[in-house]
Protein chains: 2
Amino acid sequence: MFSQSEENYLKAIYQLSSITKDGVSTNDIAKKLETKASSVSDMIKRLSEKKLIEYKKYYGVRLTKEGEHIACSVVRKHRLWEVFLVDKLNFSWDEVHDVAEQLEHIKSPKLIEELDAFLGFPKKDPHGDPIPDKHGNYHVVEKTLLSNLHPGEKGICIGVKDSSSDFLKYLDRQAVKLGDEIAVMAKEDYDDSIHIKIDKRELNISKKIASNLYIQTP
Amino acid sequence: MFSQSEENYLKAIYQLSSITKDGVSTNDIAKKLETKASSVSDMIKRLSEKKLIEYKKYYGVRLTKEGEHIACSVVRKHRLWEVFLVDKLNFSWDEVHDVAEQLEHIKSPKLIEELDAFLGFPKKDPHGDPIPDKHGNYHVVEKTLLSNLHPGEKGICIGVKDSSSDFLKYLDRQAVKLGDEIAVMAKEDYDDSIHIKIDKRELNISKKIASNLYIQTP
DNA sequence: ATAAATTTTTAGACTTGTCTAATTTTTAAA
DNA sequence: TTTAAAAATTAGACAAGTCTAAAAATTTAT
Ligand SMILES: [Mn+2]
Ligand SMILES: [Mn+2]
Ligand SMILES: [Mn+2]
Ligand SMILES: [Mn+2]
């Protein structure tokens, strides 16, 4: 069994790996986990000795098969718990993350498989992120950022890039939800803001907002 | 916030306190937590500095109001999670303990209150133990051990004293459940075994079994 | 190609929680 | 009441995980 701390490092490396094909850098891990690079260096050594990552000094790390398996199962647990909190316990999507950070470390294979079944084998978490099945497989859906759409184009809002509480609450206030159809009406060159039509309403949103919303491209 | 380890010590002291009015001894805590007396001594010092227990060297410990409050909330969480596992996730009553030992340390007031509501505010856990409400109040039910009943007496089985997996599985095999009416037919002086009638069946059980079953006395 | 800046690693310290072995204190027995 | 046994504490060590400050390696800029 692995400690919560080890699992957090593996998960961080797993998520950072998905956005680059190079090894993951010490500093990036430190930033993601809000810790110091020296702490990361220490942990990297331990994980490497346990064969959970491949590590060449000064050149970043990569997960081994086993490391990836563990990281993926932590992500699976995190997202399933988020679904549980929203679907069954009346949490809103901006409240679930911190609790899921704790719940993802509970060790019990039966628990997670039963939870999965209890929730009806959901494929996505409340933020639109895919939930790996028990073998680590998940469906990758073609998507782009709203900021990449041109006037006249449209699509379905299927996820958020930033899932910070602040951003999610902003979306709630604007009544922007996953599943909504969004059409880009116009772009303002001066500040890159865009005018959209969503659910029969018209809305003006900043570049920053648009570049944190994922749109399903048909 | 307190660490898992601190919470485990507080819970152990809380549960040991309920069976004696004296202070709880170092050795008893060590036995309950399957750790060494020296470790207990160390932790006792820390908890005492944090004003969670009152401690006079060599004379055992008592929880302060705050210590009791924390301990009680851990017990509440443990038992609510046990109900969740049995009622919603198809766990049997002998499988829940280890998972609940982990879940009881999750920190989120909203989580536990919502879970309580989701489960319909249960009053008892799967082993018949009372679940304190959010203020720490619970209903104490008059009960005695089956081994204290005399031939001709009867009552409802409402709890187990030993909730080890081995004992619970034994009860499953004999189809003895909480809520069953049990009548004592005869006692065998030679080995203190007793002959009972339960749910229309007749059964012979040892002294050891009888002294681990709680019976509601009318 | 050398120097400067950045990144990464190491050295050393600290906290929490645990252990074994030795010592002290209390309790029970003679 | 002195002695023996049991219980509790202390001393000292260790592992995990983290941090600051310093050193080393790599990358970038001149
Ligand atoms: Mn999350
Ligand atoms: Mn999520
Ligand atoms: Mn339990
Ligand atoms: Mn229980």
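Order of the sequence lines fixes the chain letters, A, B, ..., with proteins taken first and strands second; residue numbering starts at 1 for each chain.
Remark: B:Thr26 is in phosphate contact with D:dT9, judged by side-chain N or O atoms under 4.0 Å from OP1 or OP2. Between B:Tyr58 and D:dA7 there is no side-chain N or O to OP1 or OP2 distance below 4.0 Å. Between C:dG17 and B:Arg46, a contact under 4.0 Å exists linking OP1 or OP2 to a side-chain N or O. Between A:Tyr9 and D:dT18, a side-chain N or O to OP1/OP2 separation shorter than 4.0 Å is present. Residue B:Thr35 places at least one side-chain N or O closer than 4.0 Å to OP1 or OP2 of C:dC19. Note on B:Ser39: every side-chain N or O is 4.0 Å or more away from OP1 and OP2 of C:dT18.
Atom NZ of A:Lys31 and atom P of C:dT8 are 10 Å apart (whole Å). For B:Lys57 and C:dT26, the NZ to P distance is 10 Å, given to the nearest whole Å. Here the C1' atom of nucleotide C:dT9 and the CG atom of A:Asn27 are 12 Å apart, to the nearest Å. Following rounding to the nearest Å, A:Met43 (CE) and C:dT9 (C1') show an atom-to-atom distance of 16 Å. Distance NZ (B:Lys45) to P (C:dT16): 14 Å, rounded to an integer number of Å. To the nearest angstrom, P of D:dA7 lies 15 Å from CG of B:Asp22. Note: NZ (A:Lys56) to P (C:dT8) measures 14 Å, nearest angstrom. Here the C1' atom of nucleotide C:dT15 and the CE atom of B:Met1 are 19 Å apart, to the nearest Å.
The 5' end of DNA chain D is approached more closely, in terms of each residue's nearest nucleotide, by B:Ser25 than by the other of B:Ser25 and A:Asp42.
Using cut-offs of 30° and 60° for the angle between ring planes, the A:Trp81 and A:Phe84 rings count as perpendicular. Between B:Trp93 and B:His127, the ring-plane angle classifies as parallel under the 30° and 60° cut-offs.
On a pure distance criterion of 3.5 Å, a polar donor-acceptor pair joins the side chain of A:Ser38 and the base of D:dT20. Contact annotation: side chain of A:Ser41 to base of C:dT10, donor-acceptor pair absent below 3.5 Å.
Checked by atom type, the side-chain pair A:Ser193/A:Asp191 shows a donor-acceptor distance below 3.5 Å.
The local environment of NZ in B:Lys107 is crowded, with over 12 non-hydrogen atoms from other residues, nucleotides or ligands closer than 6.0 Å.
None of A:Lys11, A:Arg79, A:Arg76 except one satisfies the side-chain hydrogen bond (donor to acceptor under 3.5 Å, both in side chains) rule with A:Glu104; the exception is A:Lys11.
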